[in-house]
Number of protein chains: 2
Amino acid sequence: MFNALGDARRRDILDALGSGEATVGDLVDRLGCSQPQVSKHLGVLRAVDVVRCRADGRRRLYRVHPPGLAPLTTWLARLTADVNAHYDRLDDYIAELERSDHRPTEGDH
Amino acid sequence: MFNALGDARRRDILDALGSGEATVGDLVDRLGCSQPQVSKHLGVLRAVDVVRCRADGRRRLYRVHPPGLAPLTTWLARLTADVNAHYDRLDDYIAELERSDHRPTEGDH
DNA sequence: CATTTATATTCCGATATGAGCATATACGCA
DNA sequence: TGCGTATATGCTCATATCGGAATATAAATG
């Protein structure tokens, strides 16, 4: 699931599907990506139930399936809740930052 | 960023850090993972600013940095908002499901 | 039934990524 | 200054993954 969203192309597909159902061909046009690629990415997204599709003749209408995002949203919610619970003394936390975070992401040493 | 959370080991690290600051050694013990691996994963998480660290003598105290998760949360929020905006006629959507979604993720054809 | 259109699948090569090991750096301490 | 501990980095290998081309399947159409 997380892995499925780890790919930019697949997020592009989801973004495109955000504006409603679309066929594989539509996505190919919008993303400028090859048809097999789109089908494969849709396969991955479908495997984790984040998109679903219905048949319309020889076409497949894909759409986002929001409940499929639940694992992600619940994990995120739990993580941030945990963090907030443990850093509820915000002032201490901030003070801590002031003291030693003057080079946030640098590989010091 | 999404890629950083695409790895289970890194989510384990974040989960562990959810209960407060921890040193690299702590994480090695808790995750049963090698020290270099933990350091590398922490490097990835730090690169996308989802964790930060402060020095304490020769140890490094790591913690989750919630603002770093913003790209993810905003993307998620926007996607679901878009989807909801376009599928606001929920009844139609459901009816649609009833009609053709009897085999959700199967590779039909 | 043959053909065309829409989508899925397979195969292959290039590239990225994670694990393991060795090693480097940095700090504290005697 | 020399040693031990804590953490980071570099290297190599195995594997996963993406992209591309060809092909298979399925449905509509004549």
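Numbered from 1 within each chain, the chains take letters A, B, ... in sequence-line order.
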* Could you tell me the separation between the CG atom of A:L5 and the C1' atom of D:dT17, rounded to a whole number of Å? => 16 Å
* Asked: Which part of the nucleic acid, if any, lies within reach of A:D26 when heavy atoms closer than 4.0 Å are counted: base, sugar-phosphate only, or nothing?
  -> nothing
* To do: Assess whether one donor atom and one acceptor atom, taken from the side chain of B:Q37 and the base of C:dG18, lie less than 3.5 Å apart.
  => no
* **Close side-chain approach of A:V24 to A:Y62, heavy-atom, < 4.5 Å** => yes
* Asked: With a 4.0 Å cut-off on heavy atoms, is B:S39 in touch with a base, just the backbone sugar-phosphate, or nothing at all?
  -> base
* How close or far is atom P of D:dT17 from atom CZ of B:F2, stated in whole angstroms? -> 19 Å
* Separation of atom CG in A:D29 from atom C1' in C:dA6, rounded to whole Å -> 12 Å
* Asked: How close or far is atom C1' of D:dT17 from atom CG of B:D7, stated in whole angstroms?
  -> 14 Å
* Structure fact -> salt bridge (charged side-chain N to carboxylate O under 4.0 Å, His left out) test vs B:E21 passes for just one of B:R59, B:R52, B:R63, namely B:R63
* To do: Take atom CG of A:D12 and atom P of D:dG19, then tell me their distance rounded to the nearest Å.
  => 10 Å
* Atom CZ of A:R54 and atom P of C:dT7: how far apart are they, to the nearest Å? -> 13 Å
* Between B:D56 and B:R60, is there a side-chain N and carboxylate O pair less than 4.0 Å apart? -> no
* Is A:R46 near enough to C:dA8 that one of its side-chain N or O atoms lies under 4.0 angstrom from OP1 or OP2? -> yes
* Intermediate values then yes/no, side chain to side chain contact (heavy atoms under 4.5 Å, CB included), B:M1 and B:L69 -> CA-CA 8 Å; B:M1 155 85 236; B:L69 294 168; 4.0 Å; yes
* Return no unless some side-chain N or O of A:R10 is found under 4.0 Å from OP1 or OP2 of D:dC18. => yes
* Counting side-chain heavy atoms from C-beta on, which of C:dC11, C:dC21, C:dA8 comes nearest to A:R60? -> C:dA8
* Give a yes/no answer on whether the side chain of A:R58 brings an N or O atom under 4.0 Å of OP1 or OP2 in C:dA8. => no
* Please state how far atom CZ in B:R59 lies from atom P in D:dA8, giving the value in whole angstrom units. => 13 Å
* Asked: Do the side-chain N or O atoms of A:R9 get closer than 4.0 angstrom to the phosphate oxygens (OP1, OP2) of D:dG19?
  -> yes
* Can you name the side chain to side chain contact (heavy atoms under 4.5 Å, CB included) partners of B:R11, sequence neighbours left out? -> A:F2, A:W75, B:A8
* **Under 4.0 angstrom between B:Y62 side-chain N/O and D:dA8 OP1 or OP2** => yes
* To do: Figure out the CG/P separation between B:L27 and D:dT7, and round it to whole Å.
  => 9 Å
* **side-chain N/O A:H41 vs D:dG19 OP1/OP2, d < 4.0 Å** => yes
* Within less than 4.0 Å of OP1 or OP2 of D:dT17, is there a side-chain N or O belonging to A:N3? -> yes
* Between the base of D:dA8 and the side chain of B:Q35, is there a donor-acceptor distance below 3.5 Å? -> yes
